[in-house]
S.K.: 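Okay, handing you the structure first.
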Amino acid sequence: PNDIRLRICQFFVIPPFQRRGLGRKLYGEVIRGVDKNDRIRETTVEDPSQEFSNLRLSCDSELLDSNKKLNC
């Protein structure tokens with residue numbers, strides 16, 4: 001009851017701003033915020049697109065490989 005389960009419904013970058021790394025930066029900020037909050041026990045993404053799944057996999061792999069130093 002005291003823990004939080006964070007759900008990301010969706011986020012997107014509108015076409016004129018895509019391919020600039022903004023989605024990667026946004027996801028990185030979310031994960032850094034989650035990491036700072038001891039009450040958040042789980043983070044899920046509801047029905048992610050394939051592109052978002054790829055982004056998340058890339059950032060999460062980078063996080064694991066770099067010992068908590070996220071370059072997203």
S.K.: Around Gln10, counting heavy atoms of other residues, nucleotides and ligands shown, do more than 12 lie under 6.0 Å from its CD?
M.R.: no

S.K.: Rounded to the nearest 0.5 Å, what separates atom CZ in Arg7 from atom OG1 in Thr43?
M.R.: 12.0 Å

S.K.: Please confirm whether the ring centroid of Phe11 lies under 6.0 Å from the ring centroid of Phe52.
M.R.: yes

S.K.: Should Phe12 and Leu6 be counted in the same cluster of Ile, Leu, Val, Met, Phe, Trp and Tyr side chains packed under 4.5 Å apart?
M.R.: no

S.K.: State whether the number of non-hydrogen atoms from other residues, nucleotides or ligands found under 6.0 Å of Asp47 atom CG is greater than 12.
M.R.: no

S.K.: Look at the side chain of Ser61 and the backbone N and O of Leu57, then say whether any donor-acceptor pair between them is shorter than 3.5 Å.
M.R.: yes

S.K.: To the nearest 0.5 angstrom, please state how far the CD atom of Glu46 sits from the OG1 atom of Thr44.
M.R.: 6.0 Å

S.K.: Test your reading of the model: is there a side-chain donor-acceptor pair from Arg41 to the backbone of Asp38, 3.5 Å cut-off?
M.R.: yes

S.K.: Side chain of Arg24, backbone of Leu55: donor and acceptor closer than 3.5 Å?
M.R.: no

S.K.: Looking at Gln18 and Val13, would you say the former's side chain and the latter's main chain have a donor-acceptor pair under 3.5 Å?
M.R.: yes

S.K.: According to a 4.5 Å side-chain heavy-atom criterion applied to Ile, Leu, Val, Met, Phe, Trp and Tyr, with indirect links allowed, do Leu22 and Ile31 form part of one hydrophobic cluster?
M.R.: no

S.K.: What's the separation between atom NZ in Lys36 and atom CZ in Arg32, rounded to the nearest 0.5 Å?
M.R.: 8.0 Å

